[in-house]
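Read the structure below first, then the notes.
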Amino acid sequence: MSETPETNETLPAGENQPADESLPAGGPPEKKSYIGQAWLVILLAFFFGSVLALVQTTLGPKIAENKRNETYSVIPTLVPGSDRDMTEEVVVEGHNGRQIRLYKAIATDGSHLGWVIPARGQGFADVIEVLIGQSVDLSRITGMYVLAQKETPGLGDYIRGDDFLQRYKDKSTDTPLVVVKADPRQENEILSLTGATISSEAVTNILNSALENLKGKLEAHNGSIAAPEK
Amino acid sequence: MADQPTASERFIQGILPENPVYRQLLGMCPTLAVTNGMKPAMTMVGATAFVLIMSNILVALIRGLLKPHLRILVFTLTIATFVTIADRFLGAYMYEMSKELGPYVPLIIVNCLIISRAEVCASKQSLGTAVADAAGMSLGFGLALASIATVREILGAGTWFGMAVLGSGWPAWGIMVLPPGAFLVLGLLLGGVNWFDDRRKRLAVTASE
C-alpha cells in the first residue's frame, strides 16, 4: 500500500478522498499512519477479546456440564447393558502425555462391560467431538456417538446419523480403520458418506488416534466392581 | 442529512415495507434452514435480534470514529463477537436447541441483514434511530420466519410450537419439514406477498384517477 501522490492520481477523483483527509498534510511517516488508521480496530479487538474471555469463563463450565449430562445419557447405548448410574470416571494418561477423562461402563450387577472414550479432532468445518464405546480390552467398537460438530448441513452433518454411526459398530480395532468409497471388503474398512469424505475420514481418524493413544494404558483400571448392596 | 428516515420511520419500514425476508431477500440461509418448526425458528430470530440490536448499538456509538476503508472490518469484528456470545449462551442454557441449530448459529455472522443495517443505518444515524431500526428489522425478520415456520410445521407435522393442531388423523406432509418444503413455502409466500402488493398499488392508482 503506497501513499505516494503518483498512485493516487491513477485512481478516479474523489475515490481516495476520505482516507487522505485523515492524514496530516505532507504525508506522515508510514508507521505512524498505520496506527492512526487502525487504532480503533486494535482497541476493539482487545475489548472484544476480553469480553469473549469473560463470557467463556462464565459459561464454559455450564456447557461442559451439559455435555457431560449428554454423555451419561448415551452411555447405555454406547456400551450395551451398562447402567448410567453405575458409571465411574477414570482419569488416564495417554501415550501423548495428556490426561484423559474416560467413562467406565458398568452393568447393574457391577461387572465391567467396556469403556466410553471422549475424543476430538479437526473436521471439515470445526472440531468434531465423538464418544467411542469400546469393549474392555479396546479391541472392538460397541457404539459411536457425535457429541458436537459443525459440518456442512445436508452433507457432512450426516455423521451424526445412526445410518453412518452403525457402520462402526462391532468393528475390530486391532488394525486402524480406513475409509473407502466402494463397498467395504476388509474388516477394517468403513464406507464413506457420499459428498462428505473429509467428514467421514475425520471421524475415523479421531477414533484411530484416540485408541492408539490409549492402547495398553487401561489394564490397571480394568475389572469389575462389587455389586451394590441390595 | 435531512433526507434520512427518522427513528419511527425506520422501525415501521423494517416490519413490512422493507421486510428483510420478503422485500430485501436478505438472510435466506436461516430463513430456509431453520423454519421446519416454530421452536428453532423463534430461537434463531431471538439470536439474530440480539446480534442485530447489539451490533447496531455499538456501531452507532462509534460511528464518528469509523474510518471509511476500515468500517467493514469493524462491522465484522463486532458482529462476530456478539454471535459468539449468542452461541455460547445457547450452548449453556438451551443445550438441546443449540445442538438442533448446529452451525446455523455461528452462521449468523454472514447474515447480510446485520451488516447491511450497520452500513445503511447505524454507521450514519443516531443511537436511538439505530436501535429503532434494529428492532423493526428484527420484528420483520421474526414475522417472516414465523409465517414460513407456521406453514411448514402445521402441514409437515400437524403441530405448532410442538402442540398438536391438526389432530392425529393428519397425514403429515413429510416434504414440508424437509429442505424442499422450505423452498416451496418461501416461493409461494413470496409470490403471495408480491401479488397482494401489486393489487394494492393498482387499486390505489385506479382510486386516484
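So that the names make sense, note that chain A is the first sequence line, chain B the second, and so on, each numbered from 1.
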**Message:** On a heavy-atom basis, which atom in B:T129 and which in B:T6 lie closest, and how many Å separate them?
**Reply:** CG2-C, 4.1 Å
**Asked** Could you name the residues of residues 10-33 of chain B that have a heavy atom within less than 4.5 Å of a heavy atom in chain A?
**Response** none
Quick check: do [X] and [Y] have side-chain heavy atoms less than 4.5 Å from each other?
X	Y	value
B:F141	B:L52	no
A:T87	A:D83	no
A:L193	A:R167	yes
A:I141	A:D170	no
B:E119	B:R71	yes
B:W170	B:T159	no

**Fill in**
Paired with A:E129, the salt bridge (charged side-chain N to carboxylate O under 4.0 Å, His left out) test is passed by just one of A:K67, A:R160, A:K150, A:R68, namely A:K67
**Asked** To the nearest 0.5 Å, how far apart are CG in B:L166 and CD in B:E153?
**Response** 10.5 Å
**Message:** Rounded at 0.5 Å granularity, tell me how far OG1 in B:T48 sits from CD1 in B:I108.
**Reply:** 4.0 Å
**Asked** What about the rings of B:F50 and B:F89, do their centers lie closer together than 6.0 Å?
**Response** no
**Asked** What residue pairs, at least two apart or across chains, pass side-chain hydrogen bond (donor to acceptor under 3.5 Å, both in side chains) with a residue in residues 96-106 of chain B?
**Response** A:E70-B:K99
**Request:** Could you look at A:L40 and say if it's the side chain, the backbone, both or neither that has a heavy atom under 4.5 Å from chain B?
**Result:** side chain
**Message:** Report which part of A:V51 has an atom under 4.5 Å of a heavy atom belonging to chain B: side chain, backbone, both, or neither.
**Reply:** side chain
Please classify the contact of [X] with chain A as side chain, backbone, both or neither, using a heavy-atom distance under 4.5 Å.
X	value
B:P179	neither
B:L73	side chain
B:L58	side chain

[Y] versus [X], side-chain donor and acceptor atoms under 3.5 Å:
X	Y	result
A:Y145	A:T71	no
B:T84	B:T81	no
A:H221	A:E88	no

**Message:** I'd like to verify something: which residue of B:V74, B:I85, B:L77 has the highest number of heavy-atom pairs under 4.5 Å with chain A?
**Reply:** B:L77
**Request:** Sort by residue number and list every member of residues 115-124 of chain A having a non-hydrogen atom under 4.5 Å from chain B.
**Result:** none
**Asked** What parts of residues 54-65 of chain A touch chain B if we use heavy atoms and a cut-off under 4.5 Å?
**Response** A:V55, A:Q56, A:L59, A:K62, A:I63
**Message:** Show, in sequence, the C-alpha distance, side-chain angles and deciding distance for A:E189 and A:K171, and conclude whether the salt bridge (Lys or Arg N to Asp or Glu O under 4.0 Å) test is met.
**Reply:** CA-CA 9 Å; A:E189 289 181 344; A:K171 289 278 183 191; over 6 Å; no
